[in-house]
J.: 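The structure under discussion is supplied below as structure tokens; questions concerning it will follow.
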Amino acid sequence: YTSSLSADMPLGKLYNYLGILDQLEFKEMDPNGYDIILRGNDPNEYPIAASRELFIKNLSEYFPQDQKEIAIYYDSLEEDSHQIPHHNFKNINLPLPMEFYSESVSERLERTISNPILREVLAGNSFLYAGQKGITPWSVHLLILSSFAQGAYRFVNGSQQLANALRNIILENGGRLEKNAEVIECNVSDKLMTGVRTKTQVFNAKHFISSIHPQKLLPMLPVGSMRKMYSERVMGLKNTPSFFALYLDVKPNSFPFYNNNFYYHDANQPWFTSTLQNADWPSMYYLCTPPHTSNDTYAHSVQILTYMDYAEVAQWADSLKKARTDDYYQFKKLKAEVLLSKVYERFPALKNCITAVGIATPLTLRDYLNTPLGGLYGVEKDCNDIQNNQINHKTKIKNLYLTGQNTAAHGLVGSVMSALISCEDLLDSQKLFDELNNG
């Protein structure tokens with residue numbers, strides 16, 4: 001699911017500017033709560049709504065004494081996000097508000113929300129950014145949740161339509177796409193990149209933009225083309241945790257379609273920790289029923305995700321996708337049963353609806369996205385070490401730029417912000433943003 005897709009919102013403006021908005025079929029999620037937060041044995045289902053009125057109204061029904069703090073929290077999403085350059089495609093020349101990056105989400109919530117259960121609920125969908133107590137900056141939570149406050153949407157019948165639309169626009173504008181063309185080496189001379197080499201050919205260009213993880217890019221560069229200190233810092237960065245995912249086919253007309261997402265976490269444990277990832281697995285999960293039409297009544301499929309430590313699959317690290325040993329598939333099956341047993345506690349009707357199960361592990365994420373240890377969201381953002389875990393879009397190679405969630409922020413909106421920043425040296429950025437905002 002994604003955010004801000006209507007024509008007057010950031011992603012809607014971008015897709016309209018690119019000429020693809022009218023090609024996308026998407027569905028607005030439940031206005032009363034696009035996310036539903038579940039806590040352990042607590043029977044309540046806490047809704048996270050997009051609009052200010054419903055957000056405050058719905059949460060105040062569970063926390064009547066905290067209505068003022070709920071309103072202050074929601075308003076802070078809008079007010080603080082306007083201070084971050086490039087967010088909402090505005091204020092591009094503002095300096096970064098470092099206080100948003102040096103305070104953790106958990107500290108911000110503890111400082112502004114007195115009710116500990118309400119704090120858990122507001123952090124209940126922290127799987128969106130692999131939030132860690134005392135580590136993840138307020139800026140990460142702020143950018144993602146302020147974006148969803150502008151509207152939450154799902155692509156009908158999958159997000160492949162977005163990739164298809166972008167492909168068509170690239171081709172129509174004279175661009176070229178290469179599939180199955182893995183870059184294995186970069187050619188650099190006099191601090192300029194001259195080309196990238198695949199197994200079969202070399203691609204030359206004036207400018208290069210890399211969206212792969214920097215820890216995957218650096219080994220492709222000639223020794224000495226980057227400062228040793230920079231390379232050591234980047235290669236030593238921590239990455240966000242990985243995941244374990246189930247993709248379930250269900251019997252027709254057997255399990256309801258939910259126009260919202262469910263985030264479950266054990267009571268008092270809304271944040272990611274390596275202890276909970278292993279000893280008490282699974283301590284959380286995300287469940288959704290993707291829409292296959294614009295008016296679904298019953299689900300066609302169910303997706304369930306939770307954290308998983310890469311160490312659990314490290315013994316198969318040298319194997320290739322679709323060609324692993326039987327014990328790997330047995331491992332996946334056993335883990336699926338454990339996760340499903342947890343899910344059945346809250347969704348007992350699902351047990352008799354499943355017709356097929358697809359399973360993904362950290363190896364799946366590693367192999368398909370080429371990300372170290374199958375990290376969900378790239379480099380870990382740490383409010384206690386802002387400078388060292390920040391990756392600039394510019395590099396010492398003058399015509400090589402970095403982009404993607406490792407540079408700016410997690411998620412689709414963060415990646416879009418990063419893409420725009422990466423292009424600023426190549427384009428008239430003020431003109432670009434004027435055109436984005438003025439249609």
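These numbers come from the heavy atoms of this one structure, side chains and all, not from hydrogens, waters or symmetry mates. Given the structure is predicted, the values throughout are model-derived calculations rather than measurements.
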J.: Quick check against the 3.5 Å criterion: does Ser147 have a side-chain atom that pairs as donor or acceptor with the backbone of Leu143?
T.: no
J.: Would one find more than 12 heavy atoms of other residues, nucleotides or ligands at under 6.0 Å from atom NZ of Lys216?
T.: yes
J.: Are Tyr307 and Phe244 near enough that their ring centres are under 6.0 Å apart?
T.: no
J.: Measuring from Leu400:CG to Met226:CE, what's the distance to the nearest 0.5 Å?
T.: 5.5 Å
J.: Grab the two heavy atoms, one from Ile359 and one from Lys332, that are nearest each other, plus how far apart they are.
T.: O-NZ, 3.3 Å
J.: Check the side chains of Ser6 and Asp8 for a donor-acceptor pair under 3.5 angstrom, ignoring hydrogens and angles.
T.: yes
J.: Under a 4.0 Å N-O cut-off, is there an ion pair linking Arg154 with Glu28?
T.: no
J.: Indicate whether any N or O donor in one side chain lies under 3.5 Å from an N or O acceptor in the other, for Glu172 and Asn168.
T.: no
J.: Is the distance between the ring centroids of Phe347 and Phe262 under 6.0 Å?
T.: yes
J.: Carefully, step by step, assess Asn157 and Glu25 under the rule side-chain contact (heavy atoms from CB on, under 4.5 Å).
T.: CA-CA 8 Å; Asn157 208 26; Glu25 186 180 3; over 6 Å; no
J.: Whether the Asn239 and His213 side chains hold a donor-acceptor pair (N or O, under 3.5 Å, no angle test) is what I'd like checked.
T.: yes
J.: Would you give the length of the straight line joining atom CG of Asn352 to atom OG of Ser254, rounded to the nearest 0.5 angstrom?
T.: 9.5 Å
J.: Between the side chain of Ser242 and the main-chain N/O of Met308, is any donor-acceptor distance below 3.5 Å?
T.: no
J.: Please check this pair: side chain of Lys394 against backbone of Leu402, looking for a donor-acceptor N/O pair closer than 3.5 Å.
T.: no
J.: Looking at Pro291 and Phe155, what are the two nearest heavy atoms and their distance?
T.: CG-O, 3.8 Å
J.: Tell me if the centroids of the rings in Phe127 and Phe243 come within less than 6.0 Å of each other.
T.: no
J.: Quick one: does Gln215's side chain have a donor or acceptor within less than 3.5 Å of a partner on Val234's backbone?
T.: yes
J.: Considering the options Asn32, Val121, Ile37, Ile36, which one meets the side-chain contact (heavy atoms from CB on, under 4.5 Å) requirement together with Pro47?
T.: Ile36
J.: To the nearest 0.5 Å, what is the distance between CG (Asp80) and OG (Ser146)?
T.: 9.0 Å
J.: When you look at CZ of Phe63, are more than 12 heavy atoms from neighbouring residues, nucleotides or ligands closer to it than 6.0 Å?
T.: yes
J.: Does Arg346 reach the side chain of Leu38, with side-chain heavy atoms less than 4.5 Å apart?
T.: yes
J.: Give a yes or no answer on whether the side chain of Thr355 reaches the backbone of Asp249 with a donor-acceptor pair at less than 3.5 Å.
T.: yes
J.: Give the C-alpha distance, both sets of side-chain angles, the deciding distance and a yes or no for side chain to side chain donor-acceptor pair (under 3.5 Å) between Ser114 and Glu69.
T.: CA-CA 8 Å; Ser114 53; Glu69 291 182 351; 3.2 Å; yes
J.: Check the pair Gln269 / Arg39 against side-chain contact (heavy atoms from CB on, under 4.5 Å), numbers first and verdict last.
T.: CA-CA 9 Å; Gln269 298 173 352; Arg39 301 177 55 254; over 6 Å; no
J.: To the nearest 0.5 angstrom, please state how far the CG atom of Asp35 sits from the OH atom of Tyr263.
T.: 5.0 Å
J.: So does Arg227 have more than 12 non-hydrogen atoms from other groups sitting under 6.0 Å from CZ?
T.: no
J.: Does the pair Glu78 and Gln150 meet the rule for a side chain to side chain donor-acceptor pair (under 3.5 Å), with working shown?
T.: CA-CA 9 Å; Glu78 180 176 4; Gln150 299 179 62; over 6 Å; no
J.: Show, in sequence, the C-alpha distance, side-chain angles and deciding distance for Asn261 and Tyr286, and conclude whether the side chain to side chain donor-acceptor pair (under 3.5 Å) test is met.
T.: CA-CA 7 Å; Asn261 307 298; Tyr286 158 85; 3.1 Å; yes
J.: Identify whether NZ of Lys or CZ of Arg in Arg324 sits under 6.0 Å from the centre of the six-membered ring of Tyr328 and within 45° of that ring's axis.
T.: yes
J.: Considering residues at least two apart in sequence or located in another chain, which fulfil the salt bridge (charged side-chain N to carboxylate O under 4.0 Å, His left out) criterion with Lys342?
T.: Asp266
J.: Shortest non-hydrogen contact from Tyr129 to His141?
T.: OH-ND1, 2.8 Å
J.: Would you please test Phe257 and Tyr298 for side-chain contact (heavy atoms from CB on, under 4.5 Å) and show each step?
T.: CA-CA 4 Å; Phe257 167 76; Tyr298 292 96; 5.6 Å; no
J.: Counting heavy atoms not belonging to Gln65, are there more than 12 under 6.0 Å from its CD?
T.: no
J.: Just by modelled atom types, is the Leu436 backbone N or O under 3.5 Å from a matching donor or acceptor in the Tyr17 side chain?
T.: no
J.: Can you tell me how far the NZ atom of Lys13 sits from the CG atom of Asn438, to the nearest 0.5 Å?
T.: 8.0 Å
J.: Run the salt bridge (charged side-chain N to carboxylate O under 4.0 Å, His left out) test against Lys27 and tell me which residues pass, sequence neighbours left out.
T.: none
J.: Does any N or O in the side chain of Thr371 come within less than 3.5 Å of the main-chain N or O of Gly374, such that one atom is a donor and the other an acceptor?
T.: no
J.: Would you say the side-chain atoms of Glu380 pair up with the backbone N or O of Asn389, donor to acceptor, closer than 3.5 Å?
T.: no
J.: Identify the two heavy atoms, one from Pro137 and one from Tyr101, that lie closest to each other, and give their separation to 0.1 Å.
T.: CB-O, 3.5 Å
J.: Which atoms form the tightest heavy-atom contact between Tyr73 and Ile113, and what is the distance?
T.: CB-CD1, 4.3 Å
J.: Is it true that atom CG of Asp428 has more than 12 heavy atoms of other residues, nucleotides or ligands lying nearer than 6.0 Å?
T.: yes
J.: Nearest heavy-atom pair of Leu5 and Leu21: which atoms, and what distance?
T.: O-CD1, 3.7 Å
J.: Applying side chain to side chain donor-acceptor pair (under 3.5 Å), run through Gln160 and Asn164 and close with a yes or a no.
T.: CA-CA 6 Å; Gln160 180 64 36; Asn164 293 343; 3.0 Å; yes
J.: Set out, in order, the CA-CA distance, both residues' side-chain angles and the distance that settles side-chain contact (heavy atoms from CB on, under 4.5 Å) for Ile354 and Val357, then state yes or no.
T.: CA-CA 7 Å; Ile354 301 170; Val357 181; 3.7 Å; yes
J.: If you measure only the distance, is there a donor-acceptor pair under 3.5 Å linking the side chains of Glu424 and His393?
T.: no
J.: If I take atom CD1 from residue Ile117 and atom CG from residue Asp42, how far apart are they, to the nearest 0.5 angstrom?
T.: 6.5 Å
J.: Would you check if the side chain of Thr240 reaches a backbone N or O of Ala130 as a donor-acceptor pair within less than 3.5 Å?
T.: no
J.: Any chance the side chains of Tyr62 and Asn58 put a donor and an acceptor closer than 3.5 Å?
T.: no
J.: Check whether any side-chain N or O of Gln315 sits under 3.5 Å from a backbone N or O of Ala311 as a donor-acceptor pair, and report yes or no.
T.: no
J.: For a quick check under 3.5 Å, do Trp316 and Asp327 share a side-chain donor-acceptor pair by atom type?
T.: yes
J.: Is it the case that atom CG in Asn392 sees more than 12 heavy atoms from other parts of the structure closer than 6.0 Å?
T.: yes
J.: Among Phe26, Phe148, Tyr258, find the one that has a ring-ring contact (aromatic ring centres under 6.0 Å, His included) with Tyr1.
T.: Phe148
J.: Checking Thr403 against Ser418: is there a side-chain donor and acceptor pair closer than 3.5 Å?
T.: yes
